Amino acid sequence: MKLIYYPGCTLKNSARNFDTSTVTSMAKLDVEIEELERWNCCGTVHALGSDNVMNRVAPVTNLIRVKEAKATEFMTSCAMCYNTLKRANNDVKAHANKLNTINEFLNLEETKYEGDVEVRHLLEYLRDRVGFDKLAAKVKKPLKDLRVACYYGCLLVRPKEVAFDDVENPMIMENLITALGATPVNFPLKTECCGAYHSVGSPEIIADRTDKIMSSASEQRVDMVVVSCPLCAYNLDFKQDDARRLNPDFQHMPVLYFTQLMALALECGEEALGFDLHHIDPLPTLAARGLA
Amino acid sequence: MNNTTLRLSTSMGSAFVAKVEKVSGQKLLACYQCGKCSAGCPMAAHMDILPNQIIRMAQMGMQKQLLASKTIWVCVSCLTCNSRCPKNIHIAEVIESLRQTALNNGQRDDRLKIWEMTPEARSDLPPIAMISAMRKLTS
Ligand code: SF4
Ligand code: SF4
Ligand code: SF4
Ligand code: SF4
């Protein structure tokens, strides 16, 4: 049985390296994945209004596609897609009237959604199905001496109904990093929001958040920060120049997806890593550790 | 004290308070003003009214001040307040209901004016940023 994979639109755009490193790593782990046919954008950000039905339509359409692929679960590596799809799924499962309205609205679909699909995040899949010990056994190039701060942001841990680890002190990414041979550090700001979409209208907020979060990581003398969300990645990587203008002591540091570290340790090849898409080039840091 | 009780019960009957409670799905009077929501809010430094004050003002039905506040646009729904509130109040949902009230006032008075951004600025931003900003800041 193939694992259905939902990339989401940003992984086909500015975060193509998140997509390629996901796909190639899974192949090395002998998990056959298949991209969901006719997937659509999940719409981002779960609308919080109790009366909201409209913004659940896009996620539910994807759940219908998963059913049509004869699957009962699927995986995504984008934290935002995961959160949006999972919360919409929980909402329509809990409210039959909403699900009914959506199914009626989607009356041209051949398949009705009946709450019969599960949403999984790649981290959760790696821990529960593949196993971090099996992952460790497959590592070809251990990431020795690499010090990493794991950043979760909001979407993997909040609300607790979608969290697959402790809400205040998750360790799943640290455990994965350890399996790859790297050294995770204690990182107090790992679940503090980066400011999300404020990069669009209020860049001064992002500059401040990026300074606080990245400087907290710097204090732990890390080589890089690792994330699971293309919006966190954008803010924490591309807004470092703004953070530097705010704080002259700001230290530039690369920001990578956890899948890129997997692809590196599993030797998936340079193309899968896509380091050209970064603002702060990770190569010098990796070269200094003998990893590039 | 009597005075406060009286004002509260009056405003709790107002259509605005009823709407906020309905859309957010929250019971505003459950809040006992411990301040934990504001203590952990990563956006607090950029707000004019703190999250606990938002809840208090919503209890009081202070519609005009709430809808004119910077806070309802600064809050990014990170849900830190929700997950830490000892009374299990979903503060982020209350703020979302205020944002929705401001956006759906029939004026198409969007907070984010995409057309005012330069094409370069727009194309530099990843889709995930543009879509979520439009979801939160436009009607
Ligand atoms: S969260 Fe974003 S990147 Fe992910 S699919 Fe939805 S909109 Fe696109
Ligand atoms: S983008 Fe920022 S807001 Fe989003 S999850 Fe990442 S940390 Fe939170
Ligand atoms: S944390 Fe909860 S109870 Fe405390 S002030 Fe905030 S909303 Fe009120
Ligand atoms: S959801 Fe809004 S109010 Fe609550 S902690 Fe986050 S930014 Fe602050």
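Chain letters run A, B, ... following the sequence lines, proteins first and then strands; every chain starts at 1. Note that the structure is predicted; figures quoted are calculated from it, not measured. Note: hydrogens, waters and symmetry copies are ignored here, and every other heavy atom, side chains too, is used.
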*Heavy-atom contacts under 4.5 Å, residues 89-102 of chain B to chain A*: B:Ala92, B:Glu93, B:Glu96

_Need one label for B:Cys75: side chain, backbone, both or neither, based on atoms under 4.5 Å from any heavy atom in chain A._
backbone

*For B:Arg122, all residues meeting side chain to side chain contact (heavy atoms under 4.5 Å, CB included), sequence neighbours excluded*: B:Ile114, B:Met117, B:Pro119, B:Met130

_For the student: nearest non-hydrogen atoms of B:Arg135 and A:Gly43, plus distance_ = NH1-O, 3.3 Å

*asked:* To the nearest 0.5 Å, what is the distance between OG1 on B:Thr80 and CZ on A:Arg158?
replied: 3.5 Å

*Can you name the nearest heavy-atom pair linking A:Ile205 to B:His46, along with the distance?*
CG1-ND1, 3.8 Å

_Would you say that A:Cys193 contacts B:Pro42 through its side chain, given a criterion of any heavy-atom pair below 4.5 Å between the two side chains?_
yes

_Shortest non-hydrogen separation from A:Gly195 to B:Val76 and the atoms involved_ = O-CG1, 3.5 Å

*asked:* Is B:Lys136 in contact with chain A via its backbone, its side chain, both, or neither, using a 4.5 Å heavy-atom distance?
replied: side chain

*Do you know which of B:Ser83, B:Ser24, B:Gly25 has the most heavy-atom pairs under 4.5 Å to chain A?*
B:Ser83

*asked:* Restricting to non-hydrogen atoms, name the atom on B:Leu112 and the atom on A:Gly201 that form the minimum distance, rounded to 0.1 Å.
replied: CD1-CA, 4.2 Å

_Can you tell me which residue among A:Tyr197, A:Phe238, A:Tyr234 is in a side-chain contact (heavy atoms from CB on, under 4.5 Å) with B:Leu125?_
A:Tyr234

_Least distance between heavy atoms, B:Ile131 atom then A:Cys9 atom_ = CD1-SG, 4.0 Å

_For chain B, which candidate among A:Asn13, A:Val200, A:Asp51 shows the most heavy-atom pairs at distances under 4.5 Å?_
A:Val200

_For chain A, the option from B:Arg84, B:Met134, B:Glu116 that forms the most heavy-atom pairs under 4.5 Å_ = B:Arg84

